[in-house]
Amino acid sequence: MPPLKKQFSLEALRTDGWFERIGETIGGFQALCEIIGDRFFAFSIIVGTRITALTIDRRSPDQTLVDFVVGSEDDNGDLDPQRLTLPDFRRRLVGALLVEEDKETPIPESEDDGEAIQFFIGIRYLLLAPLFGYSLTSLTLDGDEVELGVSHDGTPESFELDAFRTRIRSHVREELDRSTPSTRSSIDLSKVGEAETCAARSDWSKIVAMLGSWPAPLAIFLRTPEGQMLSPEARTLIAKGLSLLGLACVNLGDIEQAEEVFRIGIQYAQEGMAAADLFRRLGEALLRDDRPGEAIGPLRRAMAFGAFPHEVMPLLGRAFLRRGRYVAAVACLKDAVAFGAPEDEIIDDIREIEAKLGPVLEDWRSHY
């Protein structure tokens, strides 16, 4: 029996005017909009970036400096102050918005479950839509088809959900293009070798200085015809550069930026050892950020793409351990040792599992 067609009204979830309402609570709101750009200021709120100071250069606006922090104390964000020129700040915001989230969301069952509907559509898209004149009106589920009803500048329209998301991302890219009509960021692939040398001596700040401007233009470039036609060699080299940049961000404590960089790199790598390396480093970064549940998926994908088991299995075992999945954890750690991982690196994890399971673990070992 085919699943029943469901239609949910989005009237209660409409976010029309959210940016203007927030503006009523922010001192100097209009001035910030004029300097940063109203949509870019809205982007910063959506991605959780708080602007703390501006150093304005009236003669050369592109040299205006933006000081900001990412996240908040409540969500354990990275509160270390950062500074970028205005064009780089805009590119970073757009890059963050264009990174596709690798998370599956359950299909909402009821119109009353507003939170489930929000996550299914994507909170990011609910907030971006009114910035570009879209008012969301309905969500229709018909088997595998998901249709979004919208009003665009007063005209009723409908889109398949993924097509709507693609359109919104296109508007975001166009906003960046309009803000920098005469400049294009160049990606110098020869820097990758130099970045590898810096990584060998743990010079993380220099890697960020060399490659820190890559993510935003690369996120945009990948969706152009030229980006789709890149040779496998160029894709691999770009992925390696982004992997090194993400590693540098991790070591400098900017886990959120590292996650964005790794996800862009994964889109370039697509498969093989380059993808395996990026998934491993993404999983390790999530684990380091105390997000073991989210780390399990990337670590498993790293294994699927051919990562070295002695590098991934200890991390996967640790992720299972922190999620309280002790049997899965001990199985991974056992495999890690079998594949050559040093026992002294996982001994503390083994002892923690032994303390949790006690005699049950000994019984399991006797059978396996």
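Of all heavy-atom pairs spanning Arg83 and Phe68, the tightest one is N-CE2, 4.2 Å. Looking at every heavy atom in both residues, Arg280 comes nearest to Ala302 through N-CB, 3.6 Å. Residue Met313 comes nearest to Ala336 through the heavy atom pair CB-CB, 3.6 Å, listed as atom of the first residue, atom of the second, then distance. Pairing each heavy atom of Pro309 with each of Pro314, the nearest pair is O-CD, 3.8 Å. In terms of heavy-atom proximity, Ile207 sits nearest to Ala199 at CD1-N, 3.7 Å. Ile46 and Arg124 get closest at one heavy-atom pair: CG2-CG, 4.3 Å.
When side chains are defined from C-beta on, Asp142 does not count as touching Glu147, because their heavy atoms never get closer than 4.5 Å. Between Glu175 and Leu97 the shortest side-chain heavy-atom distance does not fall below 4.5 Å. When side chains are defined from C-beta on, Phe8 does not count as touching Thr140, because their heavy atoms never get closer than 4.5 Å. With a 4.5 Å cut-off on side-chain heavy atoms, Val70 and Val47 do not count as touching. The shortest distance between side-chain heavy atoms of Phe305 and Asp277 does not fall below 4.5 Å. With a 4.5 Å cut-off on side-chain heavy atoms, Tyr125 and Leu136 do not count as touching. Counting heavy atoms from C-beta on, the side chains of Phe119 and Ile123 come closer than 4.5 Å. Within the 4.5 Å cutoff, the side chain of Leu316 has heavy atoms near those of the Phe320 side chain.
Between Phe19 and the options Phe29, Phe43, Phe132, a ring-ring contact (aromatic ring centres under 6.0 Å, His included) holds for only Phe29. Remark: of the listed residues Val250, Leu282, Asp254, Leu282 is the sole one forming a side chain to side chain contact (heavy atoms under 4.5 Å, CB included) with Glu259.
Side-chain N/O atoms of Asp67 and Thr52 include no donor and acceptor closer than 3.5 Å. Side-chain polar atoms of Arg92 and Gln82 form a donor-acceptor pair below 3.5 angstrom. A donor-acceptor contact closer than 3.5 angstrom is absent between the side chains of Arg91 and Ser213.
Formation of a donor-acceptor pair under 3.5 Å by the Thr15 side chain with backbone atoms of Trp18 is not found in this model. Counting only distance, with no hydrogens or angles, the side chain of Asp289 and the backbone of Ala285 share no donor-acceptor pair below 3.5 Å. Between the side chain of Arg288 and the main chain of Gly283, no donor-acceptor pair closer than 3.5 Å is present. A donor-acceptor contact shorter than 3.5 Å links the side chain of Thr197 to the backbone of Gly193. Judged purely by atom type and a 3.5 angstrom limit, Thr137 uses its side chain to pair as donor or acceptor with the backbone of Gly149. With hydrogens and angles ignored, the 3.5 Å screen pairs a side-chain donor or acceptor of Thr166 with a backbone N or O of Asp162. Put simply, the side chain of Ser44 gets close to the backbone of Phe41: a donor and an acceptor are under 3.5 Å apart. Between the Arg325 side chain and the Ala319 main chain, no donor and acceptor come within less than 3.5 Å of each other.
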Practice item. Begin from the C-alpha positions of Leu176 and Ser179 and carry the test side-chain contact (heavy atoms from CB on, under 4.5 Å) through to its verdict. Key: CA-CA 5 Å; Leu176 181 62; Ser179 74; 3.8 Å; yes
Practice item. Mind running side-chain contact (heavy atoms from CB on, under 4.5 Å) on Glu174 and Ser170 for me, showing each step along the way? Key: CA-CA 6 Å; Glu174 290 167 359; Ser170 176; 3.4 Å; yes
Practice item. Mind running side-chain contact (heavy atoms from CB on, under 4.5 Å) on Glu260 and Gln257 for me, showing each step along the way? Key: CA-CA 5 Å; Glu260 292 174 9; Gln257 176 66 2; 3.0 Å; yes
Point to revise | Steps toward side-chain contact (heavy atoms from CB on, under 4.5 Å) verdict (Tyr326, Leu321) | key: CA-CA 5 Å; Tyr326 302 116; Leu321 172 58; 3.7 Å; yes
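Around the CD atom of Gln228, the shell of radius 6.0 Å holds more than 12 heavy atoms that belong to other residues, nucleotides or ligands. Around atom CZ of Phe159, more than 12 heavy atoms belonging to other residues, nucleotides or ligands sit under 6.0 Å away.
Atom-to-atom distance recorded for Leu237:CG and Leu189:CG is 5.0 Å, nearest 0.5 angstrom. Taken to the nearest 0.5 Å, the CE atom of Met210 stands 8.5 Å off from the CG atom of Leu244. Here the straight-line distance linking atom CZ of Arg167 with atom CD of Glu157 works out to 6.0 Å at 0.5 Å rounding. Distance CG/Asp177 to CD1/Ile220: 6.0 Å, rounded to 0.5 Å. Within the model, atoms CD of Gln267 and CG of Leu98 stand 9.0 Å from one another, a figure rounded to the nearest 0.5 Å. Note that CZ of Arg14 and CG of Leu126 are 12.0 Å apart. Values are rounded to the nearest 0.5 Å.
Note on Ile26 and Leu93: same hydrophobic cluster, where clusters join Ile, Leu, Val, Met, Phe, Trp and Tyr whose side-chain heavy atoms are under 4.5 Å apart, directly or indirectly. No path of Ile, Leu, Val, Met, Phe, Trp and Tyr side chains, each step under 4.5 Å between heavy atoms, connects Val337 with Met303, placing them in separate hydrophobic clusters. Grouping the Ile, Leu, Val, Met, Phe, Trp and Tyr side chains by contacts below 4.5 angstrom, directly or via other members, places Ile56 with Val66. Note on Ile107: it clusters hydrophobically with Val146, by side-chain heavy-atom contacts below 4.5 Å among ILVMFWY residues. Under a hydrophobic clustering in which Ile, Leu, Val, Met, Phe, Trp and Tyr are joined whenever their side-chain heavy atoms come within less than 4.5 Å, directly or via other members, Leu128 and Ile22 fall into the same cluster.
One finds a salt bridge joining Lys6 and Glu109 here, because a Lys/Arg side-chain nitrogen approaches an Asp/Glu carboxylate oxygen to under 4.0 Å.
Cation-pi check for Arg90 over Phe40 is met; the charged atom lies under 6.0 angstrom from the ring centroid and within 45 degrees of its normal.
In this structure, Phe164 has its ring center closer than 6.0 angstrom to the ring center of Tyr134.
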